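For reference, the structure discussed in these notes is given below.
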Amino acid sequence: KARARGLEAQITVFPVTGLTLDANLGYNDATQRETIFAPGTTDTITRAGDRFTAPWTVNLTGMYETPLGPDDLTGYGTVQWTYKSGYSTKPGNVGFNPILGSVDSQNNLNARLGIRTGEGLDVSLFVNNLTNSRDVIGRLHFQPSERIQIQTWRPRTFGITAGYRF
């Protein structure tokens, strides 16, 4: 048997005109409740207490908007930070692989700066993965070979977006 329990809390505040701050915190306690053995053996497939997901997640966002003059022109900026805690599985289970046995914590920071018109035009510059984080977000081991695939955040990406709402 397995059990997943948790909680999530979010708060949004508007400390000054045009500024919005969001904070989101999540906790997930997803663990195996009993040890499961391979049929007909004493080999464990999974043990009581094994964790299946990161226990903590945090998302912080700051957004600022301000009028830039006549004609409903608005400037805006957004910064968003996301965090996911690491976790480990216990050695000794059938198929345990020390390469896959621990998941490191993950951090990602994104930013956007733009202008919006009252007539529906929106143009913005963005940077995703601002810190150029190389945190590992996934691992795959192709057995029986020694081939391992590691997934990381996409490298720092700069760009421009333009849109029109009608």
Side-chain angles (χ1 to χ4, degrees), residues 4-31 50-89 95-166:
R5 296 187 300 186
L7 62 94
E8 186 172 353
Q10 179 178 358
I11 186 168
T12 302
V13 295
F14 308 93
V16 296
T17 301
L19 180 61
T20 304
L21 301 174
D22 284 319
N24 182 287
L25 173 70
Y27 177 73
N28 188 356
D29 180 22
T31 56
D50 283 354
R51 184 170 291 285
F52 300 110
T53 188
W56 293 99
T57 58
V58 179
N59 186 11
L60 302 175
T61 304
M63 298 170 280
Y64 185 72
E65 277 191 6
T66 188
L68 295 177
D71 302 325
D72 294 327
L73 190 63
T74 302
Y76 65 92
T78 303
V79 176
Q80 178 187 32
W81 174 67
T82 303
Y83 168 79
K84 185 186 274 189
S85 65
Y87 66 97
S88 298
T89 57
F96 174 80
N97 185 328
I99 295 169
L100 306 175
S102 67
V103 177
D104 298 329
S105 62
Q106 303 167 18
N107 289 277
N108 191 23
L109 183 64
N110 301 314
R112 179 175 300 270
L113 189 62
I115 56 170
R116 187 180 306 122
T117 69
E119 298 165 356
L121 180 64
D122 188 327
V123 179
S124 63
L125 302 171
F126 69 88
V127 182
N128 290 338
N129 193 4
L130 188 65
T131 62
N132 205 29
S133 168
R134 304 308 277 163
D135 293 345
V136 174
I137 59 174
R139 293 182 183 102
L140 296 171
H141 185 192
F142 299 96
Q143 297 201 16
S145 77
E146 295 301 315
R147 182 172 173 233
I148 297 170
Q149 178 180 346
I150 295 177
Q151 302 158 317
T152 64
W153 292 108
R154 179 184 290 179
R156 182 183 302 122
T157 306
F158 299 86
I160 185 169
T161 60
Y164 183 76
R165 293 180 187 222
F166 50 94

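Predicted, not measured: the structure shown is a model, and the values here were computed from it.
The closest side-chain heavy-atom distance from Trp56 to Leu25 is below 4.5 Å. Between Thr57 and Ser85, every side-chain heavy-atom pair lies at or beyond the 4.5 Å cut-off. Between Glu8 and Asn24 there is a side-chain heavy-atom pair separated by less than 4.5 Å. A heavy-atom distance below 4.5 Å is not found between the side chains of Met63 and Gln80. Taking 4.5 Å as the limit, every side-chain heavy atom of Thr61 sits out of range of all side-chain heavy atoms of Val79. With a 4.5 Å cut-off on side-chain heavy atoms, Tyr164 and Val123 do not count as touching.
Closest approach of Arg134 and Arg154 over heavy atoms only: NH1-C, 4.5 Å.
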Side chains of residues 10-21: which donor-acceptor pairs under 3.5 Å do they make with residues two or more places apart or in other chains?
| from | atom 1 | to | atom 2 | distance (Å) |
| --- | --- | --- | --- | --- |
| Thr12 | OG1 | Asp22 | OD1 | 2.4 |

Could you list the donor-acceptor pairs under 3.5 angstrom formed by side chains in residues 103-114, with sequence neighbours left out?
| from | atom 1 | to | atom 2 | distance (Å) |
| --- | --- | --- | --- | --- |
| Asn107 | OD1 | Trp81 | NE1 | 3.1 |
| Asn110 | OD1 | Asn129 | N | 2.8 |
| Arg112 | NH1 | Ser124 | OG | 2.7 |
| Arg112 | NH1 | Thr161 | OG1 | 3.1 |

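Atoms CG and NZ, from Asn28 and Lys84 in turn, are 10.0 Å apart once rounded to the nearest 0.5 Å. Atom-to-atom distance recorded for Leu68:CG and Ile115:CD1 is 7.5 Å, nearest 0.5 angstrom.
Arg165 has no carboxylate O lying under 4.0 Å from a charged side-chain N of Glu119, or vice versa, which leaves the two without a salt bridge.
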Point to revise | Worked check of side chain to side chain contact (heavy atoms under 4.5 Å, CB included) between Tyr76 and Asp122 | key: CA-CA 10 Å; Tyr76 65 92; Asp122 188 327; 2.5 Å; yes
Point to revise | Pair Thr152-Asp135, side chain to side chain contact (heavy atoms under 4.5 Å, CB included): steps then yes or no | key: CA-CA 6 Å; Thr152 64; Asp135 293 345; over 6 Å; no
